[in-house]
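For reference, the structure is listed below as structure tokens.
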Amino acid sequence: MRDNDIPMNLNCKLAIKSILPIFRCLNYLEKSVEKCKIVSRLDKCRVVFQFFCKHGIKRTHNVYFQDSQPLKILFEKSLCANILMIRPRLLTEAIVLLTSNQEEVTFSVTPGNFCLKSSSGESLDLSSSVYSEMSFDPEEFDFFQVGLDTEITFCFKELKGILSFSEVMHVPLSIYFDFPGKPVVLSMDDMLLEANFILATLSDHPSRVSSPQSQSLCLSQALRRTEPTQSSAQVGQSQASQAPESISRAAPKRLFPKDPLDSSCATETKRASTNQDDISEVPESVVSDMEEGPGPSQLRKFSCMFFGAVSSQQQEYASHPLDSLAIASDSEEDVSG
Amino acid sequence: MKFRAKIVDLACLNHFTRVSNMIAKLAKTCTLRISPEKLNFILSDKLASGGVSMWCELEQENIFSEFQMEGVSAENNAIYLELTSENLSRALKTAQNARALKIKLTNKHFPCLTVSVELLSSSSSSRIVTHDIPIKVIPRRLWKDLQEPSVPDSDVSIYLPALKTMKSVVEKMKNISNHLVIEANLNGELNLKIETELVCVTTHFKDLGNPLLSSESASQSRHPEDMAEVHIDIKKLLQFLAGQQVTPTKAVCNIVSNRIVHFDLLLEDISLQYFIPALS
């Protein structure tokens with residue numbers, strides 16, 4: 001994105017509710033719009049969307065943005081013991097069959113079997129949800145590598161959202177995970193974009209408590225205070241590595257706030273240096289996020305969806321290029337969108 | 001206590017699913033009674049249901065291809081379970097195109113009714129989906145409250161008009177008053193009345209026909225034009241009508257003046273009885 005011909009990074013957030021209506025009528029857009037120009041106006045804190053339509057009509061939308069500080073998540077998904085790839089359709093059809101309204105879903109794998117389960121409630125009364133379970137044969141997967149027999153539990157709602165997104169993109173979904181507590185990465189790779197969704201999973205920690213909050217917060221537990229964002233915690237076995245990056249052209253943004261459940265296993269966060277030092281050029285890499293700042297609350301949430309920038313060579317600059325833009329954020333923030 | 005049953009016929013499965021959907025609309029929590037010949041869905045007239053009671057009966061032979069049960073004891077060869085009706089209907093809904101469905105009583109961490117569905121997945125290999133529905137086993141000492149309600153000697157017995165019509169009428173009436181009068185006579189006339197300070201609304205149904213009453217004395221001494229009426233809570237009537245998704249094979253309404261209205265439906269081979277008491 002250029003402003004006055006100076007290439008620079010734009011780290012900002014836009015409200016989804018503002019952007020969606022602009023691109024809502026696909027039919028209209030396809031028939032009447034000849035050109036779409038998206039320009040950032042840093043001086044006015046705006047992103048301007050202009051549609052040049054037939055008959056000389058020009059539609060302009062000004063969307064205000066707020067600055068945001070992306071955090072880098074260093075997580076090498078290829079080091080995960082379990083890697084699966086499946087056509088999202090299959091999972092979606094199966095998800096429909098899970099009858100409970102539970103917030104969490106569980107993947108249970110062995111080398112010979114993949115089992116999708118709705119998370120079992122702990123209570124023993126009639127009002128507890130039905131517990132459902134279904135198995136998949138490894139043959140149904142495009143790629144099935146299970147190095148570790150394990151069961152991970154994470155937010156159901158997010159999975160549904162991710163699945164519907166990947167179906168729309170017509171891209172197979174890859175799932176990377178390890179032991180419970182370590183994040184699961186759901187990713188899709190296409191010519192146009194690569195998307196990685198990092199979701200926290202419930203760890204086996206006995207003191208886990210269920211989430212009191214509503215929709216955006218799905219997994220939480222009693223945490224010890226995570227380290228201040230300035231320092232970087234090391235994730236499991238993953239070395240500091242670059243998450244794969246790709247330039248996104250059209251980038252719908254969504255927010256998947258997550259809690260790290262066990263800070264030592266959780267996704268690593270590392271605050272990127274201040275924006276001013278970022279030099280790499282990134283065409284629209286606008287990411288939505290929430291207010292960061294851990295505050296006194298023990299809960300931290302991350303946006304899990306990010307579109308990174310792919311560059312053929314690594315940037316040599318002092319600050320890292322904007323590869324992963326995952327934002328730590330406070331709980332309770334109402335993400336409008 | 002043991003229970004295992006299997007359905008392989010798709011028509012039977014759909015029928016059972018429809019009944020389960022209806023029960024889910026009529027009662028949030030209900031009792032499932034399993035006996036060697038029958039399955040019953042029961043709602044007894046506790047305060048929680050506002051005095052409404054329901055008795056639904058189906059012959060297991062007509063639905064299940066395999067059926068085995070062992071009750072609490074040899075003399076009391078029945079199983080009474082309490083469950084959330086919607087859980088069962090939702091589990092059955094996932095079996096829309098199933099090859100087979102199995103239900104059994106299990107105890108995994110807590111007592112469950114496990115519904116296991118064998119589906120043909122899109123990749124043409126069969127997939128098994130299991131649902132564990134939590135249940136509560138009802139102890140023997142409470143069984144006496146869950147017996148088949150005795151059908152009262154009614155003053156008037158009449159065939160019901162189309163339930164969908166009744167439902168749309170009652171739905172509109174609900175906005176005006178909470179209190180509805182249902183009355184009928186032996187001349188095939190049934191009226192639904194509501195009355196407020198400002199307005200009275202009556203819907204008349206005619207030429208409905210009356211089934212022959214078994215007790216001769218009642219019908220002889222009664223003038224055919226005389227209306228037997230009951231004042232009931234409109235919401236209860238609406239809930240009953242809303243649960244009826246299918247046109248019944250037979251639908252009869254029995255009224256005991258100022259006491260109770262009794263709906264007796266036959267849905268193919270499944271019988272449903274629903275009792276709404278008069279408002280005190």
Among B:Leu113, B:Val117, B:Thr130, B:Ile133, which residue forms the greatest number of heavy-atom pairs with chain A at distances under 4.5 Å?
B:Thr130
B:Glu61 atom CD: more than 12 heavy-atom contacts under 6.0 Å:
no
Are the side chains of B:His131 and A:Tyr131 in contact, using a 4.5 Å heavy-atom criterion?
no
Could you measure the distance from the NZ atom of B:Lys93 to the CG atom of A:Leu97? Nearest 0.5 Å is fine.
13.0 Å
Sequence neighbours excluded, the answer for side-chain contact (heavy atoms from CB on, under 4.5 Å) partners of A:Val146 is A:Asn82, A:Leu84, A:Val109, A:Pro111, A:Phe144, A:Asp149
Rounded distance (nearest 0.5 Å) linking atom CD of A:Glu133 with atom CG of B:Asp132
7.5 Å
If I take atom CE from residue A:Met134 and atom OG from residue B:Ser116, how far apart are they, to the nearest 0.5 angstrom?
11.5 Å
Can you sort out the partners of A:Ser135 under side-chain contact (heavy atoms from CB on, under 4.5 Å), two or more places apart, ordered by chain and number?
A:Asn113, A:Cys115
With a sphere of 6.0 Å drawn around NZ of B:Lys108, does it hold more than 12 non-hydrogen atoms of other residues, nucleotides or ligands?
yes
Give a yes or no on whether B:Arg4 atom CZ has more than 12 heavy-atom contacts from other residues, nucleotides or ligands under 6.0 Å away.
no
